[in-house]
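Structure, as structure tokens:
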Amino acid sequence: MCGIVGIVSHQRVNQLIYDALTVVQHRGQDAAGIMTCDGRRVFLRKDSGLVRDVFQERHMVQLEGNIGLGHVRYPTAGSDNRSEAQPFYVNSPFGIALGHNGNLVNARELSHELFRDDLRQLNTGSDSEVLLNVFAHELKESVGPSRARLESDDIFRAVTRLYERCRGAYAVVAMIVGYGLVAFRDPYGIRPLIIGSREQSSGPSVMIASESVALDVLGYDHVGDVAPGEAVFIRTDGTVERKICAPRPQLAPCLFEYVYLARPDSIIDKVAVYKSRLRMGEKLAEQLRRSWPDHDIDVVIPIPDTSRTSALQLANSLSLKYREGFIKNRYIGRTFIMPGQAERQKSVRQKLNAIDLEFRGKNVLLVDDSIVRGTTSQQIIQMARDAGAAKVYFASAAPPVRYANVYGIDMPAPDELVASGRSEEEIRVFIGADRLIYQKLDDLVATIKEGNPDIQQVDASCFDGKYVTGDVTHEFLRGVADERSDASRAPDSGALDVAEISVYH
């Protein structure tokens, strides 16, 4: 999970990109980067940390130009080296920078091809650098040796060929120095990408972002989502060309975007995230009404922040009291995307504090967006008991997470997922709840399709183990499990201090 932004304007874009990155900061808190261009030179600043920490006034002043892109990253398996902060940049056959959200499932094969056949050198283990070099190579092939000037057809041919080579999930914004921005989305549209525009006195400005909320905050009108398999070319003057470049695209957005990743005020593939979470609460209430009509729940309490919408609607549907029983320290990052179990466990107590009077002597239903490892749920349930709850019931707005997500969400190795190999009753015992209610997968899918009936397929791989791209092998999954185990996440002592090499060239 990462956040990407690209802007073409007739004014300096440094502050616009910075502001947009702060809005999509929830998509990645590990590293941030911005690259801008004044038509001839590029200016780069990237480092580990939050947006507000990476960019100081002296850096912003040096980020010149009317076109640029930005990226926020969370620590994915094999990509927690500081040198792998994005955007990445190459200068052949053109100056090209790229930011990427998603994950390639054939990155290892492609890296060998790039070195052996395309004669391109990779400097990191990041699949985003692989994407950049594949795109650069295909641009070179599209233009050929006889021309030096790049045309839009060259770009679309390059993206078409990239689709033939790159498998997995990817939403991409790339900057080609002197030409403009290129944005494209994998043929299944697994990761979100949206276009916005606004008129300025100096001319049109166009923006690409991971979530629509970034457009809203910066005053851009929604133009629409980048379609699956579509490439969008935005010239430096703000004119836009679009073309479907994949042969058989089909929309299959990731369910976890709606459950957890996206902000509730975003709209993804014409589905309002907020409304989808309201429907999740309604579906949970219907299930609870069917399976437990004589419940003794006194109060519904959300685990902040993502589950609030679902919890509120569940409480309303069942005519139950809704209370805020946990106060969140907003200066602690999202525990799901923290590297290492010890770090996550430590942060839960720092992040949440129970209000005793909302728990004392009551039968409480805690509602969370999902249960991944189960250890966080375990601690929260114990906090509720320590605060005096008589009984603690637990509801998840998502079904059991049983399988690895290979499309850009760095979920743990399957043997670290609490639902892997366990029944729902065994999960209940593990987390220490008096009762456990999971959302049904069909109900979850229905909450998305109700928002956009044109969505015929979704990526629910972390729930059902079915990978929409159809090319995920058992060998690949074993490799993912090895990479993602907490034991493999040792600190990288050889990390490069990117702050010292921020380039202005």
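Heavy-atom basis, side chains included; hydrogens, waters and symmetry copies ignored.
Minimum heavy-atom separation, Cys166 to Leu104: CB-CD2, 4.0 Å. Taking each heavy atom of Arg191 and Gly408 in turn, the nearest pair found is NE-CA, 4.3 Å. Taking both residues in full, the closest heavy atoms of Ala227 and Ile244 are given as CB-CD1, 4.0 Å, listed atom of the first, atom of the second, then distance. Heavy-atom minimum distance, Ala97 versus Met35: CB-SD, 3.2 Å. The two residues Ser83 and Phe88 come nearest to each other via the heavy atoms O-CE2, 4.1 Å. Between Lys46 and Ala85, the closest heavy-atom pair is NZ-O, 2.7 Å.
Ser128 and Gln86 are linked by a side-chain donor-acceptor pair at a separation below 3.5 angstrom, with hydrogens and angles left out of the test. In the model, Ser461 has no side-chain atom that pairs as donor or acceptor with a side-chain atom of Tyr407 under 3.5 Å. Side chain to side chain, Asp216 and His222 meet the donor-acceptor criterion of an N or O pair below 3.5 Å. Side-chain contact, His26 with Glu211: a donor N or O sits under 3.5 Å from an acceptor N or O. When only modelled atom types and interatomic distance are considered, Glu129 and Thr124 share a side-chain donor-acceptor pair under 3.5 Å.
Here the rule is side chain to side chain contact (heavy atoms under 4.5 Å, CB included) with Ile17, and of Ile34, Thr22, Val51 only Ile34 fits it. Remark: of the listed residues Leu441, Asp443, Ile448, Thr447, Leu441 is the sole one forming a side chain to side chain contact (heavy atoms under 4.5 Å, CB included) with Val445.
The closest donor-acceptor contact from the side chain of Asp369 to the backbone of Val259 lies at 3.5 Å or more, if one exists at all. Looking only at distances, no side-chain donor or acceptor of Arg323 sits under 3.5 Å from a matching main-chain atom of Ile301. With Ser307 contributing its side chain and Pro302 its backbone, the two residues share no donor-acceptor pair below 3.5 Å. Here the side chain of Asn14 pairs a donor or acceptor atom with the backbone of Met60 at under 3.5 angstrom. When atom types are taken as modelled, the side chain of Asp434 and the backbone of Val392 share a donor-acceptor pair closer than 3.5 angstrom. Between the side chain of Arg385 and the main chain of Gly432, a donor-acceptor pair closer than 3.5 Å is present. A side-chain donor-acceptor contact under 3.5 Å links Asn363 to the backbone of Asp296. The backbone N or O of Met280 sits less than 3.5 Å from a side-chain atom of Gln439, completing a donor-acceptor pair.
Under a 4.0 Å N-O distance rule, the pair Asp265/Arg263 qualifies as a salt bridge. Here Arg167 does not pair with Asp186 in a salt bridge; the nearest charged N to carboxylate O distance is not below 4.0 Å. With salt bridges taken as basic N to acidic carboxylate O contacts below 4.0 Å, none links Arg289 and Glu286. Taking the charged nitrogens against the carboxylate oxygens, Glu425 and Arg428 do have a contact shorter than 4.0 Å, which makes a salt bridge. Salt bridge Arg198/Asp221: absent, no basic N to carboxylate O contact under 4.0 Å. Between Glu282 and Arg277 there is no salt bridge, since no side-chain N of the basic residue sits under 4.0 Å from a carboxylate O of the acidic one.
Counting only heavy atoms from C-beta outward, the side chains of Phe463 and Leu444 approach each other to under 4.5 Å. The side-chain heavy atoms of Tyr188 and Pro228, taken from C-beta on, include no pair separated by under 4.5 Å. Contact of the Val418 side chain with the Ile371 side chain is registered, since non-hydrogen atoms from C-beta on lie closer than 4.5 Å. Considering only heavy atoms from C-beta on, Gln29 stays 4.5 Å or farther from Tyr74 through its side chain. Between Leu436 and Ile427, some side-chain heavy-atom pair lies under the 4.5 Å cut-off. With contacts defined as side-chain heavy-atom distances shorter than 4.5 Å, the pair Ile234/Ile208 qualifies. At least one side-chain heavy atom of Pro400 sits under 4.5 Å from a side-chain heavy atom of Glu424. Proximity of Ile195 to Arg242: side-chain heavy atoms (C-beta onward) are separated by under 4.5 Å at one or more points.
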Quick one, Asp269 with Arg185, criterion salt bridge (charged side-chain N to carboxylate O under 4.0 Å, His left out). Give me CA distance, side-chain angles, the key distance, then yes/no.
CA-CA 12 Å; Asp269 292 312; Arg185 199 174 172 199; 2.7 Å; yes
Determine, step by step, whether Val206 and Ile7 satisfy the side chain to side chain contact (heavy atoms under 4.5 Å, CB included) criterion, reporting the C-alpha distance in whole Å, the side-chain angles of both residues, the deciding distance to 0.1 Å, and the verdict.
CA-CA 6 Å; Val206 181; Ile7 299 178; over 6 Å; no
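For the atom pair Ile431 CD1 and Thr376 OG1, the distance stands at 11.0 Å (nearest 0.5 Å).
For Tyr274 and Tyr258, the distance between ring centers is not under 6.0 angstrom.
The aromatic rings of Trp292 and His295 lie perpendicular to each other, with more than 60° between the two planes, well past the 30° mark.
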